[in-house]
Amino acid sequence: MSDNSLKFAVLPGDGIGPEVMDVTLSVLARVGEKFGFQLDFTCADVGGIAIDRHGTALPESTLQLCRASDAILFGSVGGPQWESLPPKEQPERAALLPLRKAFSLFANIRPGLLYSELTDASPLKSERIPDGIDIVCIRELTGGIYFGQPKETTDLGNGEKRAVDTMVYHTSEIERIAQVAIDTARARGKRVCSVDKANVLETSVLWRSVVTEYFKREAADIELSHMYVDNAAMQLARDPNQFDVLFTENMFGDILSDEMGVICGSLGMLASASLGAQNNRLGKPFGLYEPSGGTAPDIAGQGIANPCAQILSAALMLRYSFGLNDAADAIEKAVRTAVTGGTRTADIAFGLPAVNTAAMADAVLQALESAV
Ligand code: IPM
Ligand code: MG
């Protein structure tokens, strides 16, 4: 392999994962030809398919491949076949959470982008979002109530059980994600809204004070505001573009980013990046890149899923883990050209004839040819 090869792990997973991954790799290969890099990827099982083949959603061999890579391109995991397993063993939880922990993937970046041509896709009235939506959610991903200890259920007898989750944050965890929010805002509208529940939660009181101090020290150029999470959920539905960068802790981010996803129309268009605390061999953040939508079991295997979110996730991988900003921009531009030019899968067709996965990817490839 030449020095220009990108070494990444490909984990297609379940449902539509393998289908959209397949065309994404073709798009990446073509972008590589144009921008002078080769792909050096290896595929491995994750999620339900890994449970079936290896007895666990995240086999050690998959973890090892990820450790030997500079980034992970992830499809999606889960499906009805595995829903009867205990929650802890289900593909989503048993694959994603350990991956986040293993690679300290503390920074989840979800762009909430809705093209003005696609405002019909949003459940919000078009007059509320005449220019579409362009915000980004930065979610802390390895702390808070997801991972805090103790986390357990105790049988108290008499038919009574007691379950506890622990929400915990440290100053350093808040500061490192605050830096990601700052970096993101600097490349955009320079405004960050930090979301917490400081009227009730200790962790939020700490969050708010650490964020305030950190921004004062490190980011005088960024406009910082604070909002309680209940209000943020309401404001997001009322006027999403009042936000530039929405910045929050793990569980609030889980909920708000799904809300953002739905108001941005199809989940088939939404990419995400989860950046690690460690740099890869290129001195860039190691990261996991995945579409925000799920495995879509209802349409899996038919070759009709929207591949755009997976393609856009690959663009984020080029940008963050490989520093290939121009190539990432080219992909994002090509997806936009293809979709706004009228090539649409069923989820975003709105009266236009719907194309299949392969045709959608072909339109992206074609847009790439004319753009670069
Ligand atoms: C997400 C998902 C996960 C989460 C689940 C599948 C564990 O909802 O990535 O947002 O809660 O973080
Ligand atoms: Mg979620």
Side-chain angles (χ1 to χ4, degrees), residues 1 4-15 17-18 20-22 24-25 28-29 32 37-78 82 88-110 139-143 146-147 176 180 250 271-292 294-295 309-324 328:
M1 279 293 154
N4 285 340
S5 62
L6 313 188
K7 196 168 170 53
F8 58 98
V10 172
L11 313 184
D14 310 312
V20 294
M21 186 66 83
D22 203 39
T24 296
L25 292 169
L28 269 182
F37 60 80
Q38 281 100 45
L39 310 182
D40 175 14
F41 64 84
T42 308
C43 297
D45 293 330
V46 73
I49 191 168
I51 293 176
D52 293 351
R53 287 185 182 164
H54 312 264
T56 163
L58 185 62
E60 184 52 36
S61 52
T62 299
L63 259 178
Q64 255 167 28
L65 168 71
C66 295
R67 280 192 205 108
S69 307
D70 291 320
I72 304 169
L73 189 58
F74 194 93
S76 44
V77 293
W82 304 284
K88 270 188 192 161
E89 291 168 29
Q90 287 185 14
E92 295 90 335
R93 200 163 144 189
L96 276 174
L97 298 188
L99 266 172
R100 288 174 188 169
K101 210 55 189 169
F103 295 100
S104 302
L105 302 172
F106 73 96
N108 184 232
I109 305 177
R110 290 193 183 174
R139 165 187 175 196
E140 202 290 327
L141 203 58
T142 48
Y146 271 57
F147 293 99
R176 70 177 178 179
V180 176
N250 203 346
S272 86
S274 299
L275 305 186
Q278 306 296 323
N279 282 346
N280 61 23
R281 292 169 310 163
L282 307 162
K284 305 277 174 198
F286 181 89
L288 179 148
Y289 302 87
E290 60 173 327
S292 295
T295 49
Q310 189 77 61
I311 295 171
L312 292 168
S313 298
L316 294 180
M317 176 178 82
L318 296 185
R319 177 172 298 126
Y320 290 115
S321 284
F322 295 107
L324 295 165

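Quick note: residue numbers are just sequence positions, from 1.
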Side-chain heavy atoms of [X] within contact of [Y], under 4.5 Å:
X: His54; Y: Thr62; answer: no
X: Asn279; Y: Pro285; answer: yes
X: Arg139; Y: Asn250; answer: yes
X: Pro18; Y: Ile49; answer: no

Name the one of Leu312, Leu275, Leu318 that satisfies side-chain contact (heavy atoms from CB on, under 4.5 Å) with Tyr289?
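Checked Leu312, Leu275, Leu318 against Tyr289; only one passes side-chain contact (heavy atoms from CB on, under 4.5 Å): Leu275.
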
Nearest 0.5 Å please: distance from the [atom1] atom of [X] over to the [atom2] atom of [Y].
X: Glu92; Y: Trp82; atom1: CD; atom2: CH2; value: 9.5 Å
X: Cys43; Y: Asp22; atom1: SG; atom2: CG; value: 9.0 Å
X: Ser69; Y: Leu6; atom1: OG; atom2: CG; value: 11.5 Å
X: Ile72; Y: Ser321; atom1: CD1; atom2: OG; value: 9.0 Å
X: Arg67; Y: Glu60; atom1: CZ; atom2: CD; value: 5.0 Å
X: Leu11; Y: Leu288; atom1: CG; atom2: CG; value: 7.0 Å

What are the two closest heavy atoms between [X] and [Y], and how far apart are they?
X: Leu105; Y: Leu141; result: O-CB, 3.2 Å
X: Leu316; Y: Ala271; result: CD1-CB, 3.8 Å
X: Ala57; Y: Ala50; result: O-CB, 3.7 Å
X: Asp40; Y: Ser5; result: CB-CB, 4.0 Å
X: Leu25; Y: Leu39; result: O-CD1, 3.8 Å
X: Leu28; Y: Phe37; result: O-CE1, 4.0 Å

Would you call Asp70 and Arg281 a salt bridge, using N to O less than 4.0 angstrom?
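So Asp70 pairs with Arg281 through a salt bridge.
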
Under 30°, 30 to 60°, or over 60°: which ring-plane class applies to Phe286 and Phe103, parallel, tilted or perpendicular?
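Aromatic pair Phe286/Phe103 classed parallel.
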
Between Val20 and Ser76, is the side chain to side chain contact (heavy atoms under 4.5 Å, CB included) condition met? List the steps.
CA-CA 10 Å; Val20 294; Ser76 44; over 6 Å; no

Report the C-alpha separation of Leu73 and Gln310 in whole Å, then their side-chain angles, then the decisive distance to 0.1 Å, and conclude whether the side chain to side chain contact (heavy atoms under 4.5 Å, CB included) test is met.
CA-CA 9 Å; Leu73 189 58; Gln310 189 77 61; 3.8 Å; yes

Check for a donor-acceptor pair, side chain of [X] on one end and backbone N or O of [Y] on the other, with a separation under 3.5 Å.
X: Glu140; Y: Thr142; value: yes
X: Ser272; Y: Ser292; value: no
X: Asn4; Y: Gln38; value: no

From CA spacing to verdict: side chain to side chain contact (heavy atoms under 4.5 Å, CB included), Phe322, Lys284
CA-CA 7 Å; Phe322 295 107; Lys284 305 277 174 198; over 6 Å; no

Evaluate the side chain to side chain contact (heavy atoms under 4.5 Å, CB included) criterion for residues Val180 and Phe106: first the C-alpha distance (whole Å), next the side-chain angles of each, then the deciding distance (0.1 Å), finally the verdict.
CA-CA 10 Å; Val180 176; Phe106 73 96; 3.9 Å; yes

